[in-house]
Protein chains: 2
Amino acid sequence: MTTATRKLREKEELRQLILQSAKKLFVEKGIENTTIRNIADATDYSVGTVYVYFKDKNAILHDLHTIGFSELGGYFLEISPVDDPLERLKQMGRIYLKFAVENPDMYDLMFNIKEPLKHLAEKENDGCEAWDEGIGTFNILKSTVKDCIDKGYFSGHEEEPLSFMIWGVVHGMCTLEIRKRTKGLKFNRPETILTDGYKEFLKMLDKV
Amino acid sequence: MTTATRKLREKEELRQLILQSAKKLFVEKGIENTTIRNIADATDYSVGTVYVYFKDKNAILHDLHTIGFSELGGYFLEISPVDDPLERLKQMGRIYLKFAVENPDMYDLMFNIKEPLKHLAEKENDGCEAWDEGIGTFNILKSTVKDCIDKGYFSGHEEEPLSFMIWGVVHGMCTLEIRKRTKGLKFNRPETILTDGYKEFLKMLDKV
DNA sequence: ATAAAAAATGAACGTTGTTCAAAAAAAATT
DNA sequence: AATTTTTTTTGAACAACGTTCATTTTTTAT
């Protein structure tokens, strides 16, 4: 059975080659400027081959979006396991911001672009598949917020909507930046508006 | 000169017809599912005519994005001119949220879709045109925040980054919703997560 | 009634995602 | 070693997209 296992490995390797070529092109020239033909060229295979390994473009985008979440997970490893949960929460936000700034295209794919989720909806078993990657990441945030509440922070607040709101703060600022809504504005310090904005949020957290 | 002025009016009328047809199609079937041919059909004119009145698709998207800002301005008229600036700030956020929920496609066009700003960049005089609509709206927010600071709220905070952060909160939650990142998650009360999240932010404001 | 100007047209172009019969390569069988 | 079967790869072809522009139609001026 040595040929069968080898074939399986080769299939997986080509799959990864296509994925990594696509990712490289995305970062180099933007997602919307990358075509299937570009990806095929970059892998030295034909368009038809790409479609053997991926159902359609959305499938590629979904797989790359999943890779993005795994990379975000890598960033989160930086969080020092300090005792104070509020301190961990603050670090989470900072790292989330850092990831978005350093990987704007990946961030966009993970949290803004609709295609990856369309691919989920298409393989509908019961109408709508769950967004596992998003759920997982949100649960990390939510459990940190819960730790805060348990330690006496955020009195009078509710865990889930508070977590969503906190997600909204960082996501909102990241997305305004990535979707060029900060560039068109005339900030006093445009190059640091993201971290400056986040600092204001941290000040609020200290008062709560 | 009666014919010349009538022609001018007729040109403007057709221009508006195209814009309104486009807007209707956007709302009905989504922006990315609306083609120039759709718009031409809806106006009972040909594709070529559309291109007489608009340089390209981005020009249409930009004009519609501007209309969106004017509609948002209409929503803001609801804000009661109450003395307490913090109360006005809270209302602003609520209305911003309401606008986004009631006009998701328009909101997306105004704050997420890149094409309207691409159109701005294309008529570059000096490299990059200013995003007047965004600047105007942000200034309203910023001056309300300034009023708050002047009345003793937000001590220790800086006007501009604080305003950006507040924008981020509401924009972030709206965009997670519009870009289907809340649907994939399993919230306890999915239908009210936006307003619930905003309520958490209001609680924070009351402590600051 | 005729000439000049303006407005509207739709066929055609290049590019996109996608498909699929045919060709090429690899594996299995005799 | 030769042949058959299976797997893999291919790229021409399709429909739909944004866009252009020579031509036609309509309107205005003479």
Side-chain angles (χ1 to χ4, degrees), chain A residues 1-19 21-22 25-26 29-64 109 113-119 121-123, chain B residues 1-19 21-22 25-26 29-64 109 113-119 121-123:
Chain A
M1 268 288 191
T2 175
T3 76
T5 57
R6 176 175 54 81
K7 282 224 164 190
L8 220 67
R9 194 197 57 213
E10 282 173 354
K11 278 201 85 160
E12 183 55 28
E13 278 172 358
L14 181 44
R15 198 185 151 80
Q16 291 303 323
L17 175 64
I18 294 172
L19 240 31
S21 300
L25 287 170
F26 283 2
K29 41 186 266 180
I31 292 174
E32 51 228 26
N33 299 321
T34 302
T35 71
I36 301 283
R37 284 173 180 81
N38 291 155
I39 298 171
D41 283 356
T43 56
D44 281 327
Y45 281 86
S46 69
V47 260
T49 302
V50 174
Y51 277 90
V52 171
Y53 287 80
F54 295 92
K55 182 181 161 290
D56 53 22
K57 201 181 182 184
N58 288 357
I60 300 178
L61 292 173
H62 177 265
D63 275 20
L64 278 180
L109 195 55
I113 292 176
K114 282 180 177 171
E115 277 69 19
L117 296 198
K118 275 186 198 161
H119 178 256
E122 274 165 20
K123 23 180 237 179
Chain B
M1 266 293 188
T2 176
T3 75
T5 57
R6 175 174 54 80
K7 281 223 162 186
L8 221 65
R9 193 197 60 214
E10 282 174 355
K11 278 200 84 161
E12 183 54 28
E13 278 172 1
L14 181 44
R15 198 186 152 79
Q16 291 303 322
L17 175 63
I18 294 172
L19 279 176
S21 300
L25 288 170
F26 282 2
K29 43 185 266 181
I31 292 175
E32 51 227 26
N33 300 322
T34 302
T35 70
I36 300 283
R37 283 173 181 82
N38 291 154
I39 298 171
D41 283 354
T43 56
D44 281 327
Y45 282 86
S46 69
V47 262
T49 302
V50 174
Y51 278 89
V52 171
Y53 287 80
F54 295 92
K55 181 181 163 291
D56 54 21
K57 201 181 183 186
N58 288 356
I60 299 178
L61 293 173
H62 178 265
D63 275 21
L64 278 179
L109 195 55
I113 292 176
K114 282 181 178 173
E115 276 69 19
L117 295 199
K118 274 186 199 160
H119 178 256
E122 274 166 19
K123 24 178 234 176

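Throughout, protein chains are lettered first and strands after them, A, B, ... in sequence-line order, and every chain is numbered starting at 1.
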Atom pair distance, as rounded to whole Å: OH in B:Y45 and P in C:dG10: 13 Å
Contact summary for B:T43 and B:A40, nearest pair of heavy atoms: OG1-O, 2.8 Å
Heavy-atom pair of closest approach, residues A:K29 and A:T34: CG-OG1, 4.1 Å
Under 4.0 Å protein heavy-atom contacts per nucleotide of nucleotides 11-16 of chain C, with B for base, S for backbone only and - for none: -B---B
CZ on A:F54 to CD1 on A:I18, rounded to 0.5 Å: 5.5 Å
Start and end of chain A contact along DNA chain D [non-hydrogen atoms, under 4.0 Å]: D:dT7 to D:dA13
Length of the CZ-P vector between B:R15 and C:dA7, whole Å: 14 Å
Side-chain donor or acceptor of A:R15 paired with backbone N/O of A:Y53 under 3.5 Å: yes
Length of the line joining B:L14:CG and C:dA7:C1', which is rounded to integer Å: 10 Å
Contacts of B:S21 that satisfy side chain to side chain donor-acceptor pair (under 3.5 Å) - sequence neighbours left out: none
B:I31 vs B:L61 side-chain heavy atoms within contact, under 4.5 Å: yes
Stem list, DNA chain C (Watson-Crick or G-U pairing under 3.5 Å, at least 3 consecutive pairs): C:1-30 with D:1-30
Which residues share a side chain to side chain donor-acceptor pair (under 3.5 Å) with A:D41, sequence neighbours left out: none
Nearest-Å distance for atom pair OH/P, residues A:Y53 and C:dG17: 20 Å
Salt-bridge contact A:E122-A:K118 (side-chain N to carboxylate O under 4.0 Å): no
Phosphate OP1/OP2 of C:dG10 contacted by B:S46 side-chain N/O (<4.0 Å): no
Inter-residue atom distance B:H119.NE2 - B:I60.CD1, 0.5 Å rounding: 10.0 Å
Which residues share a side chain to side chain donor-acceptor pair (under 3.5 Å) with A:K114, sequence neighbours left out: none
Heavy-atom pair with the smallest gap, counting every atom of A:L19 and A:L64: O-CD2, 3.6 Å
Touch class at under 4.0 angstrom, heavy-atom based, for B:F54 against every strand present: nothing
Under 4.0 angstrom between B:Y51 side-chain N/O and C:dA8 OP1 or OP2: no
